[in-house]
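First up is the structure itself, then whatever we jot down about it.
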Amino acid sequence: MPPTIHLIRHAEGTHNLSFENHILHDPGLTDRGKEQAQELAARIAKLQADTSRTIGLVMASALRRTLMTALIAFEPQLSRKQLGVICAWPDVQEVSDLPCDSGSPLASIREEFGTESVNYALVESGWELKEEKYINTEIAVAARAQAARQWLAKQPHKDIAVISHGCFLHFLTEDWEGSDSPQDQDDACSLIETQESRERRGFSAIRSSHEEQKLLRIATLGVWKEWEILKETNKFNK
């Protein structure tokens with residue numbers, strides 16, 4: 001049986017306060033963002049109590065704001081040893097190459113977050129440079145999302161949490177509803193949103209058709225290219 005993936009967008013970061021803050025490199029959470037992550041911790045505890053679900057694996061983008069969100073939201077499970085570590089996962093980092101969406105070198109994040117609660121096995125040197133598979137072209141980001149879905153499908157855990165970013169989550173889910181800021185993929189892995197999740201996000205229980213999703217995707221990616229979230233070229237940097 002395929003796992004249930006609990007997708008979480010990071011809490012409020014400093015860059016979310018204004019467009020001017022997008023020049024900040026790898027920003028952390030605001031005080032409000034930390035409060036949001038604490039509220040999320042309570043929601044996770046309630047989910048596990050009400051449904052008997054146990055999130056056995058937590059994967060977080062290796063940017064600071066996602067790691068901070070994960071460590072606060074899952075602190076109760078970490079402190080009680082119900083969860084081993086948070087796994088830093090560059091594959092689910094944000095799309096653009098703006099300073100606010102570019103990560104920090106492995107040595108820096110290891111120094112800040114330590115090794116007791118975060119595992120860095122998947123973080124390779126140079127992951128923060130937005131080159132090769134991390135370049136922000138449509139083809140590269142779609143391929144990264146496909147690889148992430150395939151990786152998740154192979155994990156033995158019944159429930160997995162992924163803490164990522166707004167733009168990338170549209171690529172990961174192939175769901176372009178609600179993407180008014182910032183696939184047609186022939187791979188074997190896809191994420192199907194539960195009815196409960198759709199209702200919680202304020203959408204109809206009926207998911208948009210394949211053709212509707214294609215139109216939403218085209219419109220969204222057009223805007224993202226205008227805003228330079230995505231590069232026009234479809235070639236990887238050398």
Side-chain angles (χ1 to χ4, degrees), residues 5 7-10 13 15-16 22-28 58-70 86-113 118-155 160-176 179 181-185 187 189 191 217 220-238:
I5 311 298
L7 298 176
I8 301 167
R9 180 182 176 271
H10 63 82
H15 69 298
N16 293 132
H22 289 184
I23 65 172
L24 299 175
H25 178 254
D26 197 8
V58 178
M59 309 296 297
S61 157
L63 273 77
R64 294 180 63 241
R65 59 186 181 270
T66 35
L67 288 173
M68 291 173 72
T69 300
I86 305 296
C87 296
W89 195 18
D91 284 12
V92 295
Q93 66 178 283
E94 186 56 300
V95 172
S96 91
D97 60 0
L98 291 168
C100 63
D101 292 333
S102 300
S104 301
L106 175 57
S108 296
I109 56 175
R110 189 193 298 272
E111 180 179 1
E112 178 175 358
F113 297 103
V118 181
N119 182 294
Y120 305 95
L122 298 177
V123 184
E124 67 271 28
S125 177
W127 75 276
E128 75 280 7
L129 300 178
K130 297 289 187 175
E131 296 177 345
E132 298 184 352
K133 71 174 182 178
Y134 298 126
I135 193 172
N136 59 324
T137 65
E138 179 181 343
I139 286 179
V141 178
R144 178 155 60 90
Q146 178 181 348
R149 291 193 297 272
Q150 293 173 333
W151 188 91
L152 289 168
K154 296 175 182 177
Q155 303 312 303
I160 302 171
V162 176
I163 298 90
S164 185
H165 307 264
C167 291
F168 183 74
L169 284 172
H170 286 292
F171 278 95
L172 185 64
T173 61
E174 299 175 295
D175 184 347
W176 299 91
S179 60
S181 63
Q183 27 225 157
D184 187 12
Q185 293 281 358
D187 64 74
C189 298
L191 296 178
R217 184 179 193 272
T220 299
L221 297 186
V223 171
W224 287 356
K225 287 173 183 176
E226 287 181 12
W227 292 356
E228 298 184 346
I229 292 173
L230 284 171
K231 292 182 183 296
E232 288 288 350
T233 177
N234 286 326
K235 294 182 179 180
F236 284 55
N237 283 347
K238 298 295 183 182

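Heavy-atom basis, side chains included; hydrogens, waters and symmetry copies ignored. Computed from a prediction, not measured in an experiment: that's the story for all the values here.
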*Counting only heavy atoms not in Q155, do more than 12 fall under 6.0 Å of its CD?*
yes
_Atom pair CD/CZ of E174 and R217 - distance to nearest 0.5 Å_ = 8.0 Å
*For the residue pair W127 and K133, establish whether any side-chain heavy-atom pair is separated by less than 4.5 Å.*
no
*Closest approach of A60 and V92, non-hydrogen atoms and distance?*
C-CG2, 4.3 Å
*To the nearest 0.5 Å, how far apart are NE2 in H10 and OG1 in T69?*
7.0 Å
*Measure from the side-chain N and O atoms of E94 to the backbone N and O of F168, and report whether any donor-acceptor pair falls under 3.5 Å.*
yes
_Sub-4.5 Å side-chain heavy-atom contact between M59 and C87_ = yes
*Any chance you could lay out the side-chain contact (heavy atoms from CB on, under 4.5 Å) test for V58 and I163, step after step, and finish with the verdict?*
CA-CA 8 Å; V58 178; I163 298 90; 3.5 Å; yes
*asked:* For L98 versus S96, what's the shortest heavy-atom pair and its separation?
replied: N-OG, 3.1 Å
_Is it the case that the side chain of K130 and the backbone of D101 share a donor-acceptor pair, with hydrogens and angles ignored and the cut-off at 3.5 Å?_
yes
*Rounded to the nearest 0.5 Å, what separation is found between the OH atom of Y120 and the CG atom of L67?*
6.5 Å
_Nearest heavy atoms of I229 and N136, plus distance in Å_ = O-ND2, 2.8 Å
_Using 0.5 Å steps for rounding, measure from the CG atom of L172 to the OG atom of S164._
7.0 Å
*Quick one: closest heavy-atom pair of L63 and G103, and the distance?*
CG-CA, 4.0 Å
*asked:* Restricting to side-chain hydrogen bond (donor to acceptor under 3.5 Å, both in side chains), what partner residues turn up for N16, sequence neighbours left out?
replied: none
*Quick one: list whatever passes side-chain hydrogen bond (donor to acceptor under 3.5 Å, both in side chains) with E124, sequence neighbours left out.*
Y134
*Less than 4.5 Å apart, any side-chain heavy atom of E228 and any of D97?*
no
_Residue list, side-chain contact (heavy atoms from CB on, under 4.5 Å) with S104, at least two apart or on another chain_ = H25, D26, R64, S108, I109
*Using the side-chain contact (heavy atoms from CB on, under 4.5 Å) rule, take R65 and H165 through it: C-alpha gap first, then chi angles, then the decisive distance, then the call.*
CA-CA 10 Å; R65 59 186 181 270; H165 307 264; 3.4 Å; yes
*Taking the side chain as every heavy atom from C-beta outward, state whether R144 and I135 have any pair of such atoms under 4.5 Å apart.*
no
_Minimum-distance pair of heavy atoms, taken over all atoms of I8 and A161_ = CD1-CB, 4.4 Å
*Report the distance from atom OG of S102 to atom CD of E128, rounding to the nearest 0.5 Å.*
9.0 Å
*Does the side chain of W151 reach to within under 4.5 Å of the side chain of D91, using non-hydrogen atoms?*
no
*Are more than 12 heavy atoms from other residues, nucleotides or ligands located less than 6.0 Å from atom CD of E111?*
no
*OG1/T173 to CZ/R149 distance, rounded to the nearest 0.5 angstrom?*
8.5 Å
